[in-house]
Protein chains: 2
Amino acid sequence: MSTEQKQKFAAYIASQGLKATRQRELILEAFLAQAEHPSTEELYLGLRKEHPGIGYATVHRTLKLLAECGIATVRNFGDGAQRFEACAGEHHDHLVCTGCGLIIEFENLQIEKLQEQVAKSHDFTVQDHRLELYGLCSNCRKGE
Amino acid sequence: MSTEQKQKFAAYIASQGLKATRQRELILEAFLAQAEHPSTEELYLGLRKEHPGIGYATVHRTLKLLAECGIATVRNFGDGAQRFEACAGEHHDHLVCTGCGLIIEFENLQIEKLQEQVAKSHDFTVQDHRLELYGLCSNCRKGE
DNA sequence: TCCGAGATTGAAAACCGTTTTCATTTATAA
DNA sequence: TTATAAATGAAAACGGTTTTCAATCTCGGA
């Protein structure tokens with residue numbers, strides 16, 4: 001669980017000549033505790049309740065650090081804000097409801113394989129990918 | 001070719017009670033002439049050369065109109081700016097080279113079908129999707 | 001343990017792309 | 001042609017991100 005991520009972060013901090021601070025620890029913990037895809041602001045507001053002193057800039061800087069060291073990835077679901085997501089071991093993609101904003105994660109190995117084939121046919125080496133399906137969940141479909 | 005798109009735009013304009021203006025025509029033409037995925041700013045700067053009077057806001061507003069009526073789609077490749085792309089009849093996805101920025105379009109019906117299946121299994125109705133593969137093209141792979 | 005170089009912090013300002021405002025101009029229907 | 005309502009361009013506002021800067025903190029070395 002999170003112990004592993006904390007070690008990873010600590011290792012990255014050390015390897016880059018950075019410093020371990022209370023804020024960074026707090027932010028990492030809050031980030032890992034959150035099952036969502038928080039934006040900087042959401043995480044900042046959450047942290048603020050317990051730790052009023054913490055600054056928005058520090059939260060954002062730390063989230064970028066997490067992205068650099070592979071603990072988080074940056075997502076953009078078109079709402080104008082970057083969202084940060086914990087990197088699970090497995091890659092996964094997203095179903096996004098355009099009605100209520102619900103985000104469902106999924107993974108599909110067949111799709112991944114086809115992606116590799118496509119890349120190969122264009123002589124590309126894939127480093128990463130992003131797949132999002134936008135639509136309506138069953139609830140929103142009823143409502144409209 | 002573009003005549004079709006112009007008619008589509010004209011029809012949309014009429015259906016919404018909007019007005020056909022010289023600027024809108026110019027912007028549509030410039031957009032269609034461009035084979036790239038321009039941002040508002042890029043298109044604006046291009047247009048400015050021939051038509052110095054034109055305003056940034058008008059370009060952006062018109063691009064949004066084009067997106068509304070299905071002539072353009074909004075893309076976000078992570079560089080912080082919205083990019084607009086002409087909708088070909090067929091949907092297609094992108095291979096993006098993280099080395100040189102090269103963007104290659106592709107389409108793959110098998111992937112599309114699998115996407116539909118995934119959505120159905122979560123009781124979603126897909127309206128749109130976005131698939132991007134990030135990696136290195138053959139040139140950049142050699143260089144590094 | 002204490003010190004000092006250098007990294008980090010928080011607040012505020014700067015930044016940058018997007019969106020809105022508003023007075024003026026323009027397209028369209030009567 | 002005229003009235004009405006939409007569109008335009010310039011500038012300001014906006015919102016999220018990034019930078020600045022003085023004060024604070026970390027951590028290795030004395």
Side-chain angles (χ1 to χ4, degrees), chain A residues 6 9-31 37-69 72-84, chain B residues 6 9-31 37-69 72-84:
Chain A
K6 285 185 190 172
F9 192 40
Y12 183 75
I13 294 273
S15 75
Q16 301 293 305
L18 307 178
K19 288 173 181 173
T21 66
R22 193 177 52 84
Q23 288 90 335
R24 284 178 175 165
E25 190 183 357
L26 285 172
I27 293 164
L28 174 57
E29 273 174 19
F31 173 69
H37 302 74
S39 62
T40 298
E41 179 151 31
E42 287 167 4
L43 206 60
Y44 166 65
L45 292 176
L47 273 162
R48 209 175 214 295
K49 291 176 195 160
E50 300 271 332
H51 308 279
I54 208 145
Y56 180 99
T58 301
V59 175
H60 191 70
R61 282 186 283 229
T62 302
L63 286 171
K64 286 204 299 179
L65 262 189
L66 295 179
E68 272 172 39
C69 74
T73 47
V74 182
R75 297 277 170 187
N76 187 320
F77 295 120
D79 66 350
Q82 296 176 0
R83 295 185 167 275
F84 295 84
Chain B
K6 285 185 190 172
F9 192 40
Y12 183 75
I13 294 274
S15 76
Q16 300 294 304
L18 308 178
K19 290 174 180 172
T21 65
R22 195 176 51 84
Q23 288 91 333
R24 284 178 175 166
E25 190 184 357
L26 284 172
I27 293 165
L28 174 57
E29 273 175 19
F31 173 69
H37 304 73
S39 62
T40 299
E41 179 152 31
E42 286 166 4
L43 207 58
Y44 166 65
L45 291 177
L47 274 162
R48 208 174 216 294
K49 291 175 195 163
E50 300 271 331
H51 308 279
I54 208 147
Y56 180 99
T58 302
V59 174
H60 192 69
R61 281 185 285 229
T62 302
L63 285 171
K64 285 203 297 180
L65 261 190
L66 294 179
E68 272 172 39
C69 75
T73 48
V74 182
R75 297 278 170 186
N76 187 321
F77 294 120
D79 66 349
Q82 297 176 357
R83 295 186 167 276
F84 295 84

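Below, each value reflects all heavy atoms present in this structure, side chains not excepted, and no hydrogens, waters or symmetry copies.
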Asks: Which residue, B:A81 or B:R22, contacts DNA chain C at a nucleotide closer to its 5' end, judged by nearest heavy atom?
Replies: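 Checking each residue's closest nucleotide, the 5'-ward one belongs to B:A81.
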
Asks: Rounded off to whole Å, could you give me the CZ-to-C1' distance for the B:R83 and C:dC16 pair?
Replies: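 Between C1' of C:dC16 and CZ of B:R83: 14 Å.
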
Asks: Looking at B:H60, I'd like to know whether one of its side-chain N or O atoms comes within less than 4.0 Å of OP1 or OP2 on C:dG17.
Replies: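 For C:dG17, neither OP1 nor OP2 has a side-chain N or O of B:H60 closer than 4.0 Å.
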
Asks: Think A:R24 has a side-chain N or O under 4.0 angstrom from the OP1 or OP2 of C:dT8?
Replies: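 Answer is yes, contact under 4.0 Å.
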
Asks: Whole Å only: how far is the CD1 atom of B:I54 from the C1' atom of C:dT25?
Replies: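 It is 15 Å, rounded to the nearest whole Å.
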
Asks: Specify the separation, in whole Å, of atom CG of A:L47 and atom P of C:dT9.
Replies: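 Rounding to the nearest Å, CG of A:L47 and P of C:dT9 are 12 Å apart.
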
Asks: Would you please test B:I27 and B:R24 for side-chain contact (heavy atoms from CB on, under 4.5 Å) and show each step?
Replies: CA-CA 5 Å; B:I27 293 165; B:R24 284 178 175 166; 5.7 Å; no

Asks: I'd like to check A:F84 versus A:L43 (side-chain heavy atoms, cut-off strictly below 4.5 Å). Are they in contact?
Replies: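 No - every pair of side-chain heavy atoms lies 4.5 Å or more apart.
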
Asks: Could you state the atom-to-atom distance from CD of B:E42 to P of C:dC16 in whole Å?
Replies: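 The distance from CD of B:E42 to P of C:dC16 comes to 16 Å, rounded to the nearest Å.
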
Asks: Ignoring hydrogens, what is the shortest heavy-atom contact between A:I13 and A:A20? Give both atom names and the distance.
Replies: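 Answer, listing the atom of A:I13 first, then A:A20: CG2-N, 3.9 Å.
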
Asks: Calculate the interatomic distance between B:L63 atom CG and C:dT19 atom P; express it in whole Å.
Replies: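 Distance check: B:L63 CG to C:dT19 P gives 11 Å.
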
Asks: Distance from B:R83 atom CZ to B:E42 atom CD, nearest 0.5 Å?
Replies: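 The CD atom of B:E42 is 4.5 Å from CZ of B:R83, to the nearest 0.5 Å.
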
Asks: State the CD-CD distance between A:E50 and A:E29, to the nearest 0.5 angstrom.
Replies: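 The CD atom of A:E50 sits 11.0 Å away from the CD atom of A:E29.
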
Asks: Any donor-acceptor pair under 3.5 Å linking the side chain of A:R48 with the backbone of A:Y56?
Replies: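 Not at all, since once roles are kept as given, no pair shorter than 3.5 Å links the two residues.
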
Asks: For B:Y44 and B:G55, which heavy atoms make the closest approach, and how far apart are they?
Replies: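 Shortest heavy-atom contact: CE1-C, 3.7 Å.
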
Asks: Where the side chain of A:R61 is concerned, which of D:dT19, D:dA11, D:dT18 is the nearest nucleotide?
Replies: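 Looking only at heavy atoms from C-beta outward on A:R61, the closest nucleotide is D:dT19.
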
Asks: C:dC16 P sits how many Å from B:Q82 CD, rounded?
Replies: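 Distance, rounded to whole Å: 17 Å.
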
Asks: Taking OH from A:Y44 and P from D:dG15, how many angstroms apart are they, rounded to a whole number?
Replies: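 Roughly 16 Å, once rounded to whole Å.
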
Asks: State whether A:Y56 places a side-chain N or O below 4.0 Å from either non-bridging phosphate oxygen (OP1 or OP2) of D:dT17.
Replies: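 For A:Y56, the contact criterion (side-chain N or O under 4.0 Å from OP1 or OP2 of D:dT17) is met.
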
Asks: Between P on C:dG6 and CD on A:Q16, what's the gap in Å once rounded to a whole number?
Replies: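 Taking CD of A:Q16 and P of C:dG6, I get 18 Å after rounding.
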
Asks: For a quick test of reading the model: is some side-chain N or O of A:Q23 closer than 4.0 Å to OP1 or OP2 of C:dG10?
Replies: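 The answer is yes; a side-chain N or O of A:Q23 sits under 4.0 Å from OP1 or OP2.
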
Asks: Could you list, one pair per line, each protein nitrogen or oxygen that sits under 3.5 Å from a nitrogen or oxygen of nucleotides 27-30 of chain D, together with the distance?
Replies:
unit_1, atom_1, unit_2, atom_2, d
D:dC27, OP1, A:A20, N, 3.3

